[in-house]
Engineer: 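Below are the structure tokens for one structure; questions will follow.
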Amino acid sequence: MTEQKRQKGVFGLFFWTSITTQMVQPPEVHDRHDSRIEDYMKKVVILKQIMSNKARRYQKINAAQNIATVVVSSLLLFFGFSGIDKIQQYVSWVGPISKDFTEFFFNISMFLLFVIGTLHLVFRFPDKQSQSEKAVASLASLGNEIADTITTRGNLVISDEPTKIELVRTRYEAIAENIPANSDREFIRAKRDLATKEHRKPHLQVRPQQLFDSAQQERIVASIVLGSRAMVDVLLALRETSDSLYLGGGLIRNAVWDYLHGYASPTAVDDVDVAYFNQLDVEKRHDEDLEKKLSRLIPNVHWSVKNQARMHLVNGEAAYTSLESAILHWPETATAIVVKLKPTGRLEFIAPYGFDDLLRLIVTNTPAFASRSEVVRKRIHQKKWLMLWPRLRIWLPEDDSGNTTGASACLS
């Protein structure tokens, strides 16, 4: 990275502190388009919340109805065994009461029992509660199936699979057709309840001074990584396959940018990059063998395993001496990060450029790409980063056409 860019980076670091609250309570951003499988997941979650609200409401009505039935029936039974005259005598111990009023009270109790029984037969609240609970169970099953699909693939879909989408759509429509219609009021209440649940979820608690501490920066990124069930599944698969395998920075980068943009679900990526360093076996077939092993653990994911000890040949550079030296030659500083899950359960990062640019939403080239910034610019365009994460700031040198995207001109 050039000296000019680093000087400008000081200003960017101060700007970073202004988005501290953004990290604690991420803002709503709607520029990113969810995949179709995520769309169905959201529909299932909302419909499940609606039916759950109905089930609770019918449960309360049934409880109140049952209590009223028991109380009134017991009262009438007491009247039946005691008789009107005896009841009048019992009540006179508290205060005077006429026989007509006692009979009126008895008749009112009979009327209430009739009303309760009629309501039970007409509105059939127990049946409605049972239907709602069955709908909740069916929607929960469908939601778990979708979640397992997303988690199994880590939501790392190359494209939406037509067969899987069709299966989800068919099951969703079958469930929706067999439950009562829902009103707009119920839909709005369900959205409000879901928003309340989301608000109650724990968020990262970050003080401004922590953002300048590299150890705290790593803790923030680690919290985001461990908070992703899909990414943890990937890390477990890597650890089970070989202790030398590290998860590449693309998935880490996406997870952090998703969090800072307030996205509830992960952004799909083209593949899962895996890096390791082995100078004793630089044959490509070894990478392919590892990809096959990983595919058996997590299928339907496009694994891309690269032994960094041979990548200097592909890049036309001098031989790399370690995994870290290879990462130093990756295109962007925000991507030049790898991580693995240690047996102790802790994460081990290799981040030669740190986490500053990643957490500040800055896309800039590494020193190795100082003269090849067009490669980074092309990646930004092809991967549609600005569309997916509109808060990104692009810091790149001037290109040959004279267009400035340097540190002083931030694109967002």
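Starting from 1, each residue takes its place in the sequence as its number.
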Engineer: Applying salt bridge (charged side-chain N to carboxylate O under 4.0 Å, His left out), can you list everything that pairs with R56, at least two apart in sequence or on another chain?
Structural biologist: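 Listed in chain order: nothing, the list is empty.
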
Engineer: Not counting sequence neighbours, which residues clear ring pair (Phe, Tyr, Trp, His ring centres under 6.0 Å) with F349? List them please.
Structural biologist: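 Only F355 meet the ring pair (Phe, Tyr, Trp, His ring centres under 6.0 Å) criterion with F349.
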
Engineer: If the condition is side-chain hydrogen bond (donor to acceptor under 3.5 Å, both in side chains), which residues does E173 pass it with, not counting sequence neighbours?
Structural biologist: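 Counting only residues at least two positions away or on another chain, E173 forms a side-chain hydrogen bond (donor to acceptor under 3.5 Å, both in side chains) with R169.
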
Engineer: Would you say T364's side chain and W395's backbone share a donor-acceptor pair under 3.5 angstrom?
Structural biologist: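 Between the backbone of W395 and the side chain of T364 there is a qualifying donor-acceptor contact (under 3.5 Å).
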
Engineer: Between S73 and T69 (side chain of the first, backbone of the second, donor and acceptor by atom type, cut-off under 3.5 Å), is there such a pair?
Structural biologist: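 Yes.
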
Engineer: Could you list the residues that satisfy side-chain hydrogen bond (donor to acceptor under 3.5 Å, both in side chains) with R189, not counting sequence neighbours?
Structural biologist: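 side-chain hydrogen bond (donor to acceptor under 3.5 Å, both in side chains) list for R189, sorted by chain: empty.
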
Engineer: Are F125 and H120 near enough that their ring centres are under 6.0 Å apart?
Structural biologist: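 Between F125 and H120, the centre distance exceeds or equals 6.0 Å.
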
Engineer: Is there a donor-acceptor pair under 3.5 Å between the side chain of S373 and the backbone N or O of A370?
Structural biologist: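 Side chain of S373 to backbone of A370: no pair is present.
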
Engineer: Does A137 offer a backbone N or O that forms a donor-acceptor pair with the side chain of S141 under 3.5 Å?
Structural biologist: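 It does not hold such a pair.
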
Engineer: Considering only residues two or more places apart or on different chains, which pairs with a residue in residues 337-354 satisfy salt bridge (Lys or Arg N to Asp or Glu O under 4.0 Å)?
Structural biologist: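 Output for this query lists D243-K340.
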
Engineer: Just jot down the side-chain contact (heavy atoms from CB on, under 4.5 Å) partners of S74, sequence neighbours excluded, or say none.
Structural biologist: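 Here the qualifying residues are V70.
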
Engineer: Taking salt bridge (charged side-chain N to carboxylate O under 4.0 Å, His left out) as the test, write out the residues that go with D287, two or more places apart.
Structural biologist: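 Scan of D287 (salt bridge (charged side-chain N to carboxylate O under 4.0 Å, His left out), adjacent residues dropped) gives R310.
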
Engineer: By side-chain hydrogen bond (donor to acceptor under 3.5 Å, both in side chains), which residues pair with Q308, not counting sequence neighbours?
Structural biologist: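 Counting only residues at least two positions away or on another chain, Q308 forms a side-chain hydrogen bond (donor to acceptor under 3.5 Å, both in side chains) with W330.
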
Engineer: Between W257 (side chain only) and R391 (backbone N and O only), is there a donor and an acceptor less than 3.5 Å apart?
Structural biologist: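 Looks like no, no N/O pair under 3.5 Å.
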
Engineer: Applying side-chain contact (heavy atoms from CB on, under 4.5 Å), name anything that partners R296, two or more places apart in sequence or on another chain.
Structural biologist: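 Scan of R296 (side-chain contact (heavy atoms from CB on, under 4.5 Å), adjacent residues dropped) gives K292, K293.
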
Engineer: Going by the rule side-chain contact (heavy atoms from CB on, under 4.5 Å), which residues pair with E240 if we only count those two or more places apart in sequence or in a different chain?
Structural biologist: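 Testing E240 for side-chain contact (heavy atoms from CB on, under 4.5 Å), a comparison that skips the adjacent residues, returns L297.
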
Engineer: Just by distance, do the side chain of D258 and the backbone of T267 share a donor-acceptor pair under 3.5 Å?
Structural biologist: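 Between the backbone of T267 and the side chain of D258 there is a qualifying donor-acceptor contact (under 3.5 Å).
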
Engineer: Closer than 4.0 angstrom, basic N to acidic O: yes or no for R285 and E291?
Structural biologist: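 Here R285 does not pair with E291 in a salt bridge, since their nearest N and O are not under 4.0 Å apart.
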
Engineer: Who are the side-chain contact (heavy atoms from CB on, under 4.5 Å) partners of S295, not counting sequence neighbours?
Structural biologist: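 W303.
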
Engineer: Kindly write out the residues that satisfy side-chain hydrogen bond (donor to acceptor under 3.5 Å, both in side chains) with H286, not counting sequence neighbours, or none if the list is empty.
Structural biologist: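 For H286, no residue satisfies side-chain hydrogen bond (donor to acceptor under 3.5 Å, both in side chains) once neighbours in sequence are set aside.
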
Engineer: Between N307 and D281 (side chain of the first, backbone of the second, donor and acceptor by atom type, cut-off under 3.5 Å), is there such a pair?
Structural biologist: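 Flag set: sc N307 to bb D281 pair under 3.5 Å.
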
Engineer: If we ignore hydrogens and angles and just use 3.5 Å, is the side chain of E218 paired with the main-chain N or O of A215 as donor and acceptor?
Structural biologist: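 No.
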
Engineer: Only one of R379, K378, R377, R372 clears salt bridge (charged side-chain N to carboxylate O under 4.0 Å, His left out) with E332; which?
Structural biologist: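 Of the listed residues R379, K378, R377, R372, the salt bridge (charged side-chain N to carboxylate O under 4.0 Å, His left out) partner of E332 is R379.
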
Engineer: Where the side chain of S130 meets the backbone of P126, is there a donor-acceptor pair that is under 3.5 Å apart?
Structural biologist: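 It does not hold such a pair.
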
Engineer: Would the distance check show the side chain of Y353 and the main-chain N or O of A336 forming a donor-acceptor pair, the cut-off being under 3.5 Å?
Structural biologist: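 Flag not set: sc Y353 to bb A336 has no pair under 3.5 Å.
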
Engineer: Using the side-chain hydrogen bond (donor to acceptor under 3.5 Å, both in side chains) rule, take K54 and N182 through it: C-alpha gap first, then chi angles, then the decisive distance, then the call.
Structural biologist: CA-CA 10 Å; K54 283 187 175 182; N182 305 305; 2.9 Å; yes

